[in-house]
**Student:** 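One structure is given below, represented as structure tokens, and several questions about it will come after.
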Amino acid sequence: MERQAMQLRLRWRTGAMLLLILTALPAEAAAQRYEIFGIGTFYRESRARGVNNHGIVVGWSPPPGGGPDQAVIWERGELSILGPGDTRAVNDAGDVVGRNAEFLAVMWRQGEAIVIGTLEGHDKSSAMAINTLGEVACNATGSLGRRSGFVWKDGVALPLGTLGGATCEVTDINDLSEIVGRSAIPGGLEHAFIWRDGEMTDLPPLEGDDQSFANGVNDHGVVVGVSFAGSDTTPCAWIDGRPEPLPRLGGDRWTTPQAINKPGVIVGTASSITLNERAVIWRDSLLADLNDYVFGSGWELLSALDISDQGWIVGVGRYDGFQQGYVLIPLPTLEADPLVAGQRAEFRVRDGLADAPAYLAYSTTGFGSTRVPGLGVVLDLHRPALAASGRTDATGAITWTLHIPPGTQGQRVLFQAAQFRRTSNVVVSTIE
């Protein structure tokens, strides 16, 4: 803006002041924008597998010169090694889980590797997910393909049992201590399940299918996964235990949801016989190819494997000929009601930085390029002025209600929201 953001004067062509009311508003559907970052590599390739609500990303990367994979952590743009092995998830306390080079479940806490071990009668294990309580959902494997799921906390392992068959695998755990995965049922087929309070509940497939797998669960108990018969799969979500189909991209044969965050946004992978794998996102019941958001960046996004409550997405993409872990960070999205002279209009921001200052700027002279050193951004407005300020909620959302001065009909106004190092799209409106 013309000066530092906090020094801007509120101006309008009529000279009238705007009445500002700050309220909270849930996120709503709109065109989303992202910044993309590669997590980096130690030798050409890497994988990003999990992300927490503080922007810490975990995965793995092969080391220079070959050898076992190295478990890695990406934070504030820097990639570092935890140790030999691979990682699956990280909670908000920064505890990372995965498996070590001996194929045993492990948790890294403050840089120290704590071996979780495996169940009796099994020789290998892997930690799949961890919640804020420090409970770790794990799989144990043994001879002849024996698979068993268990939950571990503070050195104690509790087997989950099965749905009546011989095997069980877990995939995710939420902050309600609910665990999801798949289990064999009598007869050998497998069904998705949710385990809570020591009891495993069958999550049945869609009508006409005979098997189901669960891959993720959020803190509202909504489960996502697939339902299928033979090789035909349908992405679905279980709400209160009932399966509901999710849309698929045209031409895709397999579309698999991998994770769901607290606001209910789902990410996953779509593929077909003729097309490469593609990272996808379901938001407000709509499905989109995430590659559409990074067109021209040089990236091809192959999978989306996790999403934080703030909407950060991680997965695997192809860049410069090599597969590498990526992070998609949502940019703030601004929406506005139609502007009517003498009436109030709402301006809504979502996907901003959580619990942080936010500003709404406007211009009556059009597009431009105005640097705001105090925020580290460049606004796309010419001679902008400050219309409103406030603080986003825990989801990164805020709503401003502005009174549009009378006598301004026909005025063309441009609006843009800004936070520290973040700007929204520009909304262009003509006052009615």
**Student:** Donor-acceptor pair, distance only, cut-off 3.5 Å: does the side chain of N291 make one with the backbone of L301?
**Tutor:**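 A pair under 3.5 Å: yes.
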
**Student:** Quick one: list whatever passes side-chain contact (heavy atoms from CB on, under 4.5 Å) with S80, sequence neighbours left out.
**Tutor:**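 Expected list: I73.
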
**Student:** Given the rule in the side chain to side chain contact (heavy atoms under 4.5 Å, CB included) test, do Q310 and K262 qualify, once you have shown the distances and angles that lead to the verdict?
**Tutor:** CA-CA 9 Å; Q310 280 70 46; K262 193 170 183 178; over 6 Å; no

**Student:** Measure from the side-chain N and O atoms of S212 to the backbone N and O of A192, and report whether any donor-acceptor pair falls under 3.5 Å.
**Tutor:** yes

**Student:** Could you tell me if Q323 and R47 have a donor-acceptor pair between their side chains, going purely by distance under 3.5 Å?
**Tutor:** yes

**Student:** Less than 3.5 Å apart, any donor N or O on the side chain of R318 or Q324 sitting next to an acceptor on the other?
**Tutor:** no

**Student:** With the side chain counted from C-beta on, respond yes when D351 and Q32 share a heavy-atom pair under 4.5 Å apart, and no when they do not.
**Tutor:** yes

**Student:** Please report the closest heavy-atom contact between S61 and T41, naming both atoms and the distance.
**Tutor:** OG-CA, 4.0 Å

**Student:** Decide if the gap between the ring center of Y319 and the ring center of W299 is smaller than 6.0 angstrom.
**Tutor:**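 Yes: the rings meet the under 6.0 Å criterion.
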
**Student:** Would you say the side chain of I116 lies within less than 4.5 Å of the side chain of C138, judging by non-hydrogen atoms?
**Tutor:** yes

**Student:** Taking the six-membered ring for Trp and the single ring otherwise, decide whether the centroids of F37 and Y326 are under 6.0 Å apart.
**Tutor:**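 Centroid distance F37-Y326: not below 6.0 Å, so no.
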
**Student:** Is it true that the side chains of D209 and S227 contain a donor and an acceptor less than 3.5 Å apart?
**Tutor:**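 Yes, a side-chain donor-acceptor pair sits under 3.5 Å.
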
**Student:** Out of the candidates K153, R88, R109, only one should pair with D95 under the salt bridge (Lys or Arg N to Asp or Glu O under 4.0 Å) rule; please name it.
**Tutor:** R109

**Student:** If you draw the axis of the six-membered ring of F322, does the NZ or CZ of R44 fall within 45° of it and under 6.0 Å from the ring centre?
**Tutor:**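 Because its charged atom misses either the 6.0 Å distance or the 45° angle limit, R44 does not stack over F322.
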
**Student:** Could you check whether any side-chain N or O of T256 sits under 3.5 Å from a backbone N or O of V226, counting only pairs where one atom can act as donor and the other as acceptor?
**Tutor:**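 The answer is no, because no donor-acceptor pair under 3.5 Å joins these two groups.
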
**Student:** For D306 and R49: C-alpha separation, side-chain torsions, deciding distance, then whether salt bridge (charged side-chain N to carboxylate O under 4.0 Å, His left out) applies.
**Tutor:** CA-CA 7 Å; D306 199 15; R49 186 60 182 81; 5.7 Å; no

**Student:** Under the 3.5 angstrom rule, does the side chain of T430 hit a backbone N or O of G410 as a donor-acceptor pair?
**Tutor:** no

**Student:** Assess, by modelled atom type and distance only, whether the side chains of D309 and N261 contain a donor and an acceptor separated by less than 3.5 Å.
**Tutor:** no

**Student:** If you look only at distance, which donor and acceptor atoms sit under 3.5 Å apart when one is on a side chain in residues 127-134 and the other is two or more places apart or in another chain?
**Tutor:**
| from | atom 1 | to | atom 2 | distance (Å) |
| --- | --- | --- | --- | --- |
| N131 | OD1 | L133 | N | 3.0 |
| N131 | OD1 | G134 | N | 3.2 |
| N131 | OD1 | E135 | N | 2.9 |
| N131 | ND2 | E135 | OE1 | 2.7 |
| N131 | ND2 | N174 | O | 3.0 |
| T132 | OG1 | D175 | OD1 | 3.1 |
| T132 | OG1 | D175 | OD2 | 3.4 |

